[in-house]
Amino acid sequence: MNIVVCIKQVPDTTEIRIDPVKNTLIRTGVPSIMNPFDKNALETGLQLKNQYGGKVTVISMGPPQAKEVLREALAMGADEAYLVTDRAFGGSDTYATSYILSEAIKKLGSYDIILGGKQAIDGDTGQTAPSIAEHLGATRLTYVLSLKVEGDKVIARRQVEEGIEVVETQFPVLCTATKESNKPRYATVKGVMRSFRTEIGQITLADLPNADTAKMGLKGSPTRVKATFTPKRTANCVSIGGASPKETADRLIDMLTEAKIL
């Protein structure tokens, strides 16, 4: 079974700088981590490999520094890692990113299951992974808690508002994981040593000759960030006093009732 896991490097602090021209995050020099939900997706892939056999390949789109999270994935147990990077990919929105990643996945060859986190903590859109499935024509299942394989079928338990939904589908399938899906494993010393011995492949625009460049980068992105700012915080404080705790409580109840909160 060939399992592809899409991971993303995201900022680890609130110290986020914005490019004033592109209105996109400046990631260079900012401490970063693997997107937590993507780590849940990776753990799902590693569990499937342990149970059914196969190979886990991790792929990430970003600048050269994104190799750090790819090495972390290798240390956790992934077999192969690829960085998708090119100046032509810069400024891509979720649509362009998902298109580029789908073309890179095609470049890797056949796949049975594609995994990703339900969303990235820097953008919180939850659009990229499902859009990859759309570009590839694969079935997509979001908010997956667990997966079971029976022959050529995949049985997934999904988290929905009403509880748990059980869905059965065929390969190939793309699934997104949540923090409730599992508890990601820690990298072992042996795994860390192996990660530094493993070569990380690189996929650039030159490796995707059949891809449509009109769907890449800032020019290929149908959405634009017009402005990024921190909202002004305003708060009013009202001091409620009384001759006794009961009187104070009564006044509070009256105010809350008048405001139609109670």
Is any side-chain heavy atom of [X] closer than 4.5 Å to a side-chain heavy atom of [Y]?
X: I7; Y: V5; value: yes
X: M34; Y: Q9; value: no
X: K39; Y: M76; value: yes
X: V238; Y: M255; value: yes
X: E165; Y: V167; value: yes
X: T142; Y: R158; value: yes
X: Q127; Y: Y95; value: no
X: I100; Y: S92; value: yes

Using atom types as modelled and distance alone, determine if a side-chain donor or acceptor of [X] lies under 3.5 Å from a backbone N or O of [Y].
X: R194; Y: L74; value: yes
X: D86; Y: F89; value: no
X: R140; Y: G137; value: no
X: Y99; Y: D212; value: yes
X: R224; Y: L218; value: yes
X: T178; Y: E180; value: yes
X: S221; Y: D93; value: yes
X: S181; Y: V144; value: yes

With a 4.0 Å cut-off on N to O distance, would you call [X] and [Y] a salt bridge?
X: R185; Y: E43; result: yes
X: D122; Y: K8; result: yes
X: R251; Y: E247; result: yes
X: E150; Y: K148; result: yes

Reported [atom1]-to-[atom2] distance for the pair [X] and [Y], which is rounded to 0.5 angstrom:
X: E80; Y: E199; atom1: CD; atom2: CD; value: 10.5 Å
X: I132; Y: T176; atom1: CD1; atom2: OG1; value: 11.0 Å
X: N210; Y: K107; atom1: CG; atom2: NZ; value: 9.5 Å
X: L70; Y: Y82; atom1: CG; atom2: OH; value: 11.5 Å
X: Q47; Y: L42; atom1: CD; atom2: CG; value: 10.0 Å
X: L147; Y: L48; atom1: CG; atom2: CG; value: 5.5 Å

Passes side chain to side chain donor-acceptor pair (under 3.5 Å), T44 versus N182? Steps please.
CA-CA 7 Å; T44 298; N182 51 53; 2.9 Å; yes
Taking all non-hydrogen atoms of both residues into account, name the closest pair between [X] and [Y] and its distance.
X: I121; Y: P11; value: CD1-O, 4.3 Å
X: T139; Y: A133; value: O-CB, 4.4 Å
X: T128; Y: S98; value: O-CB, 3.5 Å
X: C6; Y: I105; value: SG-CD1, 4.1 Å
X: A75; Y: S195; value: N-CB, 3.7 Å
X: I200; Y: L83; value: CG2-N, 4.1 Å

For Y143, the hydrophobic cluster (side chain heavy atoms closer than 4.5 Å, chained through members) also holds none
Could you walk me through whether D79 and K49 pass the side-chain contact (heavy atoms from CB on, under 4.5 Å) test, one step at a time?
CA-CA 10 Å; D79 299 291; K49 172 190 169 183; 2.9 Å; yes
Residue pair V166, I155: steps toward the side-chain contact (heavy atoms from CB on, under 4.5 Å) verdict
CA-CA 7 Å; V166 179; I155 301 172; 3.8 Å; yes
Shared ILVMFWY cluster between [X] and [Y], side chains joined below 4.5 angstrom?
X: L208; Y: L136; answer: yes
X: F196; Y: V189; answer: no
X: I59; Y: M216; answer: yes
X: L141; Y: L145; answer: no
X: L205; Y: I203; answer: yes

Give the intermediate values and the outcome of side-chain contact (heavy atoms from CB on, under 4.5 Å) for residues V69 and S32.
CA-CA 9 Å; V69 295; S32 300; over 6 Å; no
Any chance the side chains of D207 and T204 put a donor and an acceptor closer than 3.5 Å?
yes
Check: residues 111-120 side-chain donor-acceptor pairs under 3.5 Å, at least two apart:
from	atom 1	to	atom 2	distance (Å)
D112	OD2	N2	N	2.7
Q119	NE2	D124	OD1	2.8

Would you list the atom pairs, donor with acceptor, under 3.5 Å between side chains in residues 50-57 and any protein atom, with sequence neighbours excluded?
from	atom 1	to	atom 2	distance (Å)
N50	ND2	L46	O	3.3
Y52	OH	V149	N	3.1

Chi angles and distances behind the side-chain contact (heavy atoms from CB on, under 4.5 Å) call for K106, E103
CA-CA 5 Å; K106 291 179 186 176; E103 290 297 308; 3.1 Å; yes
